[in-house]
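Single-structure report; data block below.
FYI, side chains are in, hydrogens and waters are out, and symmetry mates aren't considered; it's all heavy atoms of this structure.
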Amino acid sequence: MSTQKNTDFFERVYEVVAKIPLGKVTTYGAIANFLGVGGSARTVGWALNSSIMTQQPTLPCHRVVNRLGQLTGKIHFGLGVMEHLLRAEGIQFTADDTVDLNAHFWNPADQLEK
DNA sequence: CAAGTGACTAGTG
DNA sequence: CCACTAGCCACTT
């Protein structure tokens, strides 16, 4: 089944991120693990970086944070934009640049189990 | 083709 | 949780 591997990886990330429910957040590792790559959480972030260049307004990349809930991606997204969007969706912050993962963590696998 | 870079994670102290 | 190290994969040069 390894018909495709790299190029489609981007679209898979787009699919998962696009399915993140409003008011929920997920982590790079969760997406990577769901896609079957596991250790390549960095590549997930790189895919989102490309998404900004290709379909920025279409993809809620602001709902994707690192394992600590920190808005690491805001650097490329817009320093104040990411936090503003999350707060507007009802996300709670434990710190200036950190969301409450304990309250809003969403697993991509939940989309399939339910 | 080799080396460098990066929106990460897990392990150790 | 902080600081440092190693591993990971895809992209760029």
Inset, instruction - Decide whether a cation-pi geometry holds between R42(A) and Y28(A); the criteria are a distance under 6.0 Å from NZ or CZ to the six-membered ring centre and an angle within 45° of the ring axis. - result: no
Legend entry - Separation of dA7(B) P from L59(A) CG (nearest whole Å): 17 Å
Legend entry - Heavy-atom side-chain proximity of E89(A) to H62(A) below 4.5 angstrom: yes
Legend entry - Interatomic distance, I31(A) CD1 vs dC9(C) P [rounded to whole Å]: 17 Å
Inset, instruction - Apply side-chain hydrogen bond (donor to acceptor under 3.5 Å, both in side chains) to D97(A) and list each qualifying residue two or more places apart in sequence or on a separate chain. - result: K74(A)
Legend entry - Protein-nucleotide distance (L48(A), atom CG; dA10(C), atom P), rounded to Å: 15 Å
Legend entry - Closest listed nucleotide, where the reference is the side chain of R42(A) and the choices are dC9(C), dA7(B), dG7(C): dG7(C)
Legend entry - Rounded distance (Å) that lies between atom C1' of dA7(B) and atom CG of L86(A): 13 Å
Legend entry - Stretch residues 62-74 of chain A: residues that reach within less than 4.0 Å of DNA chain B through a heavy atom: N66(A), R67(A), T72(A), G73(A)
Inset, instruction - Using a 4.5 Å cut-off on heavy atoms from C-beta on, say whether the side chain of W106(A) contacts that of V25(A). - result: no
Inset, instruction - Verify, without hydrogens or angle tests, whether H104(A) (side chain) and Q92(A) (backbone) share a donor-acceptor contact under 3.5 angstrom. - result: yes
Inset, instruction - For W46(A) and for A41(A), find the nucleotide of DNA chain B with the closest heavy atom, then tell me which residue's nucleotide is more 5'. - result: W46(A)
Legend entry - Beyond-backbone contact of F10(A) with T54(A), side-chain heavy atoms, under 4.5 angstrom: no
Legend entry - Euclidean distance, atom CD1 of residue I52(A) to atom P of dG6(B) [Å, nearest integer]: 15 Å
Inset, instruction - Using whole Å, report how far CG of N33(A) lies from P of dC9(C). - result: 13 Å
Inset, instruction - Take atom OH of Y28(A) and atom P of dG7(C), then tell me their distance rounded to the nearest Å. - result: 24 Å
Legend entry - Closest to the S40(A) side chain, choosing from dC11(C), dC9(C), dA7(B): dC9(C)
Legend entry - Short side-chain to backbone donor-acceptor contact, T98(A) and A95(A), under 3.5 Å: no
Inset, instruction - Grab the CZ-C1' distance between F10(A) and dG6(B) for me, whole Å please. - result: 12 Å
